[in-house]
Amino acid sequence: MMKYKRILLKLSGESLMGAKQYGIDENRLADYAKQIKEIAATGIQVAIVIGGGNIFRGLSGAAKGFDRVKGDQMGMLATVINSLALSSALENENVAVQVFTATNMAPIGRLYAKPEAVEALNQGKVAIVSGGTGNPFFTTDTASVLRAVELEADVMLKGTRVDGIYTADPEKDKSATKFDTITYAEIYKRGLKIMDLTATTLAQDNHLPIIVFDMDTAGNLKKVLADEKIGTLVHN
Ligand code: UDP
């Protein structure tokens with residue numbers, strides 16, 4: 001039934017807030033864990049990258065007077081917090097999971113390296129790859145594309161609050177229409193922002209297809225993988 005063997009799922013930190021203004025909504029977390037359990041049970045290999053925007057963003061820290069590099073490091077630590085929260089929620093669902101960190105933080109997580117992450121995936125564990133790229137001035141979208149390419153994932157699934165990519169912001173422009181598929185070239189031509197440019201270019205250069213979809217509707221993750229017409233597929 002499933003078309004993909006290995007996927008990289010990107011979750012934004014902001015979605016983890018659910019109805020809250022800050023931090024982690026345990027209901028949203030439990031919903032994500034259930035959806036991930038459902039797809040992991042099909043035998044598909046699942047790697048996950050989570051953002052940290054629900055806790056801290058380097059740029060907003062810099063605007064408040066923090067040193068940018070320290071602010072970004074705080075943001076990367078926020079992704080580790082979210083990753084631990086998701087790993088705990090997955091364990092509550094009896095899903096085998098291993099947390100990797102971009103920089104050495106043992107025993108909080110295992111230092112990320114491709115062979116170890118692939119080994120975990122081959123053992124049927126969900127691999128949560130936290131800490132962004134480990135470098136400031138990057139985003140978790142870039143980290144997510146990087147890990148997807150490194151781990152040779154068949155596709156990156158970008159779970160968001162909107163159900164795909166539109167010609168314009170559908171909340172502002174009622175005539176906006178959704179793309180079922182779109183090429184990277186078209187994304188640039190139209191000036192659409194699905195991710196920051198670093199992430200988009202890395203994905204395009206490495207021929208990584210990305211599906212942008214609404215992860216906040218329960219059951220959607222499974223539908224995307226079952227090739228139902230959900231979200232927007234971005235490709236070369
Ligand atoms: N970050 C970073 N390097 C990385 C990934 C993330 O410095 O490789 C920092 C950056 O400050 C960013 C924060 O971590 O603002 C949280 O990540 P992001 O904003 O991508 O999270 P999301 O928007 O997905 O919640």
Side-chain angles (χ1 to χ4, degrees), residues 7-26 28-29 31-32 36 47-87 89 99-105 108-109 111-114 117 127-151 153 156-162 165 169 192-203 206 208 210-216 221 231 234:
I7 62 148
L8 187 304
L9 174 65
K10 162 77 204 302
L11 299 172
S12 86
E14 238 169 63
S15 322
L16 281 191
M17 286 195 293
K20 297 188 176 180
Q21 298 297 311
Y22 177 84
I24 300 169
D25 173 26
E26 32 324 311
R28 172 58 49 77
L29 200 61
D31 168 65
Y32 280 179
I36 294 162
I48 301 177
V49 168
I50 315 179
N54 54 324
I55 300 173
F56 200 87
R57 280 208 174 91
L59 262 182
S60 17
K64 289 178 193 149
F66 284 95
D67 171 70
R68 172 70 194 268
V69 173
K70 287 195 168 54
D72 279 341
Q73 288 168 336
M74 291 163 74
M76 287 187 271
L77 290 175
T79 74
V80 178
I81 294 176
N82 285 336
S83 298
L84 292 178
L86 183 65
S87 74
V99 176
F100 292 90
T101 55
T103 51
N104 212 342
M105 287 189 204
I108 288 173
L111 181 63
Y112 171 82
K114 176 180 175 178
I128 305 182
V129 186
S130 71
T133 62
N135 297 295
F137 300 99
F138 287 95
T139 62
T140 47
D141 278 337
T142 302
S144 176
V145 172
L146 173 67
R147 298 315 185 202
V149 172
E150 267 190 279
L151 296 172
M156 173 175 143
L157 304 180
K158 185 171 157 60
T160 65
R161 287 179 294 187
V162 281
I165 301 171
D169 184 346
L192 299 172
K193 288 194 178 60
I194 50 158
M195 302 184 298
D196 58 276
L197 287 176
T198 312
T200 311
T201 307
L202 189 63
N206 291 285
L208 175 72
I210 297 180
I211 301 174
V212 179
F213 74 107
D214 165 24
M215 174 82 186
D216 295 352
L221 180 57
V234 192

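The analysis underlying the following values was restricted to heavy atoms, covering all of them including side chains, and did not include hydrogens, waters or symmetry mates. Each ligand, and each atom within it, is numbered from 1 in the order the structure gives.
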Could you tell me which atoms of ligand 1, counted from 1 in the order shown, lie closer than 4.0 angstrom to a heavy atom of [X]?
{"X": "Pro136", "value": "7 (O)"}
{"X": "Gly51", "value": "21 (O), 22 (P), 24 (O), 25 (O)"}
{"X": "Asn135", "value": "2 (C), 3 (N), 4 (C), 7 (O), 8 (O)"}
{"X": "Phe56", "value": "13 (C), 16 (C)"}

Note, [X] side chain near [Y] side chain (heavy atom, < 4.5 Å):
{"X": "Leu208", "Y": "Leu8", "value": "no"}
{"X": "Asn54", "Y": "Lys20", "value": "no"}
{"X": "Leu221", "Y": "Phe213", "value": "yes"}
{"X": "Leu11", "Y": "Leu16", "value": "no"}
{"X": "Arg28", "Y": "Asp216", "value": "yes"}

Exercise for the section: Report the part of Glu14 in contact with ligand 1, treating N, CA, C, O as backbone and CB onward as side chain, heavy atoms under 4.0 Å; options are side chain, backbone, both, neither. Expected result: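 Glu14 to ligand 1: backbone contact only, side chain stays beyond 4.0 Å.
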
Handout entry: Lys10 and ligand 1 - part of the residue with a heavy-atom distance under 4.0 Å
Key =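 Contact part for Lys10 vs ligand 1: side chain (C-beta onward).
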
Quick check: [X] and ligand 1, any N/O pair under 3.5 Å apart?
{"X": "Gly71", "answer": "no"}
{"X": "Thr140", "answer": "yes"}
{"X": "Asp141", "answer": "no"}
{"X": "Thr133", "answer": "yes"}
{"X": "Gly53", "answer": "yes"}
{"X": "Gly132", "answer": "no"}
{"X": "Asn54", "answer": "no"}
{"X": "Gly52", "answer": "yes"}
{"X": "Phe138", "answer": "yes"}

Could you tell me the residue and atom name of the protein heavy atom closest to [atom], and the distance to it rounded to 0.1 Å?
{"atom": "atom 10 (C) of ligand 1", "result": "Asp72 OD1, 3.3 Å"}
{"atom": "atom 5 (C) of ligand 1", "result": "Thr139 C, 3.4 Å"}
{"atom": "atom 14 (O) of ligand 1", "result": "Gly75 C, 3.1 Å"}
{"atom": "atom 23 (O) of ligand 1", "result": "Arg57 NH2, 2.7 Å"}
{"atom": "atom 12 (C) of ligand 1", "result": "Gly58 N, 4.1 Å"}

Exercise for the section: Give a yes or no on this: more than 12 heavy atoms of other residues, nucleotides or ligands lie within 6.0 Å of atom CZ of Arg68. Expected result: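 Yes, because the 6.0 Å sphere around CZ of Arg68 holds more than 12 heavy atoms from other groups.
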
Exercise for the section: Taking atom NZ of Lys70 as the centre, report whether more than 12 heavy atoms of other residues, nucleotides or ligands fall under 6.0 Å from it. Expected result: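 No, not enclosed.
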
Problem - Derivation and outcome, side-chain hydrogen bond (donor to acceptor under 3.5 Å, both in side chains), residues Tyr112 and Asn104 - result: CA-CA 8 Å; Tyr112 171 82; Asn104 212 342; over 6 Å; no

Problem - Passing candidate, side-chain contact (heavy atoms from CB on, under 4.5 Å) with Ile50, options Val129, Val80, Thr140, Asn82 - result: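 Only one of Val129, Val80, Thr140, Asn82 forms a side-chain contact (heavy atoms from CB on, under 4.5 Å) with Ile50, namely Asn82.
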
Exercise for the section: Please say which of Val234, Thr139, Thr142, Val145 ends up in a side-chain contact (heavy atoms from CB on, under 4.5 Å) with Met195. Expected result: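 Single pass found, and it is Val145.
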
Problem - Least distance between heavy atoms, Tyr32 atom then Leu86 atom - result: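 Where Tyr32 meets Leu86 most closely, the heavy atoms are CB-CD1, 4.4 Å.
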
Exercise for the section: Look at the side chain of Lys114 and the backbone N and O of Glu150, then say whether any donor-acceptor pair between them is shorter than 3.5 Å. Expected result: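 Flag set: sc Lys114 to bb Glu150 pair under 3.5 Å.
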
